[in-house]
Amino acid sequence: MIAEVIVDVPAKQTDRPFDYVIPQSLETVIQIGMRVVVPFGPRKIQGFVIGIKPHSTLNKLKEIIEPLDLTPVLSESLISLGNWLSEETLSYRISAYQAMLPAALKAKYQKKLLVPKENKPLLPQTLQSLFANQESIMWEEAKETGYLSLLQQEVTKGHIQIIYEVKDKIKKKKRLAIRSALSIEDLKTYQSTLTQRAQKQHDVINYFIEHNDWIFLTDLTATLQISNAVVKELVKKEVLEESEREIYRDPYANRYFKRTEPLQLTNEQQEAIDPIHDRIAKSMHEVFLLYGVTGSGKTEVYLQSIQKVLERGQEAICLVPEIALTPQMVHRFKGRFGNQVAVMHSGLSAGEKYDEWRKVQRGEVKVVVGARSAVFAPFENLGLIIIDEEHETSYKQEENPKYHSKDVAIKRGKQGSFPIILGSATPSLESFARAKKGVYTLLSLPKRMNNQDLPHVDIVDMREELRSGNRSMFSSSLLEKLQVRIERKQQTVLFLNKRGYSSFVMCRDCGYVVNCPNCDISLTYHRHQQQMKCHYCGFEDHVPTVCPECQSDHIRYFGTGTQKVEEELHKVLPEARVIRMDVDTTSKKGSHERLLNEFQKGHADILLGTQMIAKGLDFPNITLVGVLSADTMLHLPDFRSSEKTFQLLTQVSGRAGRHQLPGEVVIQTYSPEHYSIQLAAEQNYDQFYEREMMIRKGLKYSPFYFITLITVSHEQLMKALDVTEKITTFLTSRLTKSAVCLGPVASPIPRINNRYRYQCLIKYKREPELNQSLKQILDQYQQEVTSTSLKISVDVNPFILM
DNA sequence: AGCACGCCGACT
DNA sequence: GTCGGCGTGCTC
């Protein structure tokens, strides 16, 4: 039999199946969807079997070397989903497949030089020492020795072999388990032969007389207070037997989740859930947009919809934006569905992710709660996919394949004939527009569950503060309110919007800004390491003490980091206990959750943080939310910046007063008159929607037009510009009259890592030929992409236009 | 992506 | 005359 294999070589020319003979011995083993090792040129690489057929049109085929899996890692439905994905996003099939699987399943390759024992004496003296203690050395090591040409000569002579290895990254976690190898009768007989001195052995035998089952060695030694030696001795005597048992790394082991029961739904919730339950019961595909204000009880709707799906023997996926809200979300899901839940998010180690994925694959769980890529969870009988906070940008992957989870979910929903729920308090304009058009079904939860009023919002004009002599980052109004909370022992969340506004170093005399030498972007000041770093290419430099331009020593860092805010807070409110949450304090595993726990327990008065605290916080004692600088992302070169500002402010404001105590919100801004800030303060989504839609219509942006962004980069500015120009011309000729093709324009970041970047932006209503044209472009420049440093990136429906 | 094959400049 | 530079094209 012949296997069709997609090989792990992400390139245009290899983006097609290659045929391999399945050796006789593997005929019953190899199945569609398995990973295999295949010879490819002189190398050995990994590939996915995507088809098995009796004959091939080619005659001299190579054989599959070995399978990497016992059972397929991709089902046929996932393979076809992968094919669709690569088609939609114009990415390689291998990239699409890999994106659907945990990273642990991606192979690692090793190249080695091997000298068979008998050849050792044949090597020249200089090389002998290299192989004195070992048969083989790594290629990388060999390169460092500087004897590469000498080594290559020996390779041609046949004294040294080059071998390629495919290393499976997976390490299944294993522990040693022990059980009795004898019957209870025989155990007793054996026990009677033991001498008086062998008390420990006696105990062990006793244990196994009582428990006729496997036990982990570590548990056994702990319970009986004995050493490994005692057990090993009995294993050697064949009284006991041992076996490696695979165990899951359970990131939520030893954690107790209080079991919860379905809550009584409000009338509104009931009205929202009825149509969902109806489609689940009828196995009908439909996309619901669940538009519910913060605190309106969307999660309970999710939980009870999942409940319904489980009752029908189906499975469900619930996507959540990122680690940010998972601790609380996980609690609610594990509380309701116990160990039927697997969790997949970026906070887990590769091994943990792999184990969670395997629980799904083996059918040991029925529900997955996870971030973007969890939409590919390998369920075979899905009944529902929920996307919570559907407007979140983290659902869009910025690397190839540049997919959006929402599109994947809807595709799976159509294929499997089941409903999709998109939930948000601030739906993306795209989704809301579709709901209004009737493409999605709108379900509204306009009231908070406890009928608690939305918090009162105060907009503070920071220019005014400045004029009245307050140069600190806290307005007098915010400071006053902070003091009141501390007196009343209530809690405050302070939110620092840092997106697109990192701390940079500028000379106060001449205005010189420290830029990256490789990228056209300012370097970011990293306080704890006392260094300047580039977020795009990784360049690092010392912090300058004098201005390189004018030699002035008035060179300072600008921008407000959380650390700086913390310091300031300490000065003005020395008695306040502050917990700071940002990339620095949460980088360690589990620290995110730990900090939140501490705050929840009341160990601090103020929680200070960035984006990551904007979502999911739901603590009863929070009565004040302060946004230190609301407009930092308002001025980004992005047509969605107003929408994002509105969503973020609404989201943050929703953190206050979710329970009995009423909440208050202070928004500090330099542009208080801006509609997205004004309307966020009123929590007026509908008016924001109307207003923003007008603007989008005028500018021909989404949701009125689809957008595709092509970014061309090259070491030479002229080359990048030239290619972009040609692409733009070509596309313009291929597009219909209703489409707009803008370009070539320099990218908002015109240079990254010494590569110049130009782009072409296409806005269109309906272009059935566009995909074909884009493919043609990629084909056209294929040679230049492989031979020169030209790169062409296509992003269909981009989220950020960088 | 790698890697081999193949054609032109500076070296023993 | 050879070693080694990297342009071109292939990998079942």
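Chain naming here is simple, since letters A, B, ... match the order of the sequence lines and numbering starts at 1 in each.
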Just one of A:Val712, A:Thr724, A:Ile752 clears the side chain to side chain contact (heavy atoms under 4.5 Å, CB included) bar with A:Arg757, so which one?
->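 The single option meeting the side chain to side chain contact (heavy atoms under 4.5 Å, CB included) with A:Arg757 is A:Ile752.
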Under a 4.0 Å heavy-atom cutoff, the residues of residues 36-70 of chain A touching DNA chain B are A:Pro42, A:Arg43
Could you list by number each residue of residues 10-20 of chain A showing a heavy-atom separation from DNA chain B of less than 4.0 Å, or answer none if no residue does?
->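 The stretch gives A:Pro10, A:Ala11, A:Gln13 as the residues lying under 4.0 Å from the strand, ordered by number.
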What integer distance in Å separates [X]:[atom1] from [N]:[atom2]?
X: A:Lys111; N: B:dG2; atom1: NZ; atom2: P; value: 10 Å
X: A:Ile94; N: C:dT11; atom1: CD1; atom2: P; value: 19 Å
X: A:Tyr109; N: B:dG2; atom1: OH; atom2: P; value: 9 Å
X: A:Lys112; N: B:dG2; atom1: NZ; atom2: P; value: 18 Å
X: A:Gln783; N: C:dC6; atom1: CD; atom2: P; value: 21 Å
X: A:Ile163; N: B:dG2; atom1: CD1; atom2: C1'; value: 17 Å
X: A:Lys143; N: B:dC3; atom1: NZ; atom2: C1'; value: 13 Å
X: A:Leu150; N: C:dG4; atom1: CG; atom2: P; value: 10 Å

Angle class for the A:His404/A:Tyr395 ring planes (parallel below 30°, perpendicular above 60°, tilted otherwise)?
-> tilted
Using a cut-off of strictly less than 4.0 Å, decide whether A:Tyr164 has a side-chain nitrogen or oxygen near OP1 or OP2 of B:dG2.
-> no
Charged N to carboxylate O under 4.0 angstrom, [X] versus [Y]?
X: A:Lys719; Y: A:Glu784; answer: yes
X: A:Glu392; Y: A:Arg372; answer: no
X: A:Glu154; Y: A:Lys157; answer: yes

Is A:Arg16 positioned over the aromatic face of A:Phe18, cation under 6.0 angstrom from the ring centre and no more than 45 degrees off axis?
-> yes
Would you please say whether a donor-acceptor pair under 3.5 Å links the side chains of A:Asn797 and A:Tyr403?
->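 Per modelled atom types, A:Asn797 and A:Tyr403 side chains form no pair under 3.5 Å.
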Going from CD1 on A:Ile6 to CG on A:Asn83, what distance comes out if it is rounded to the nearest 0.5 angstrom?
->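 Spacing of CD1 (A:Ile6) from CG (A:Asn83) equals 7.5 Å.
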Could you give all pairs that pass the side-chain hydrogen bond (donor to acceptor under 3.5 Å, both in side chains) test and reach residues 30-52 of chain A, with sequence neighbours left out?
-> A:Arg35-A:Asp69, A:Arg35-A:Asp168
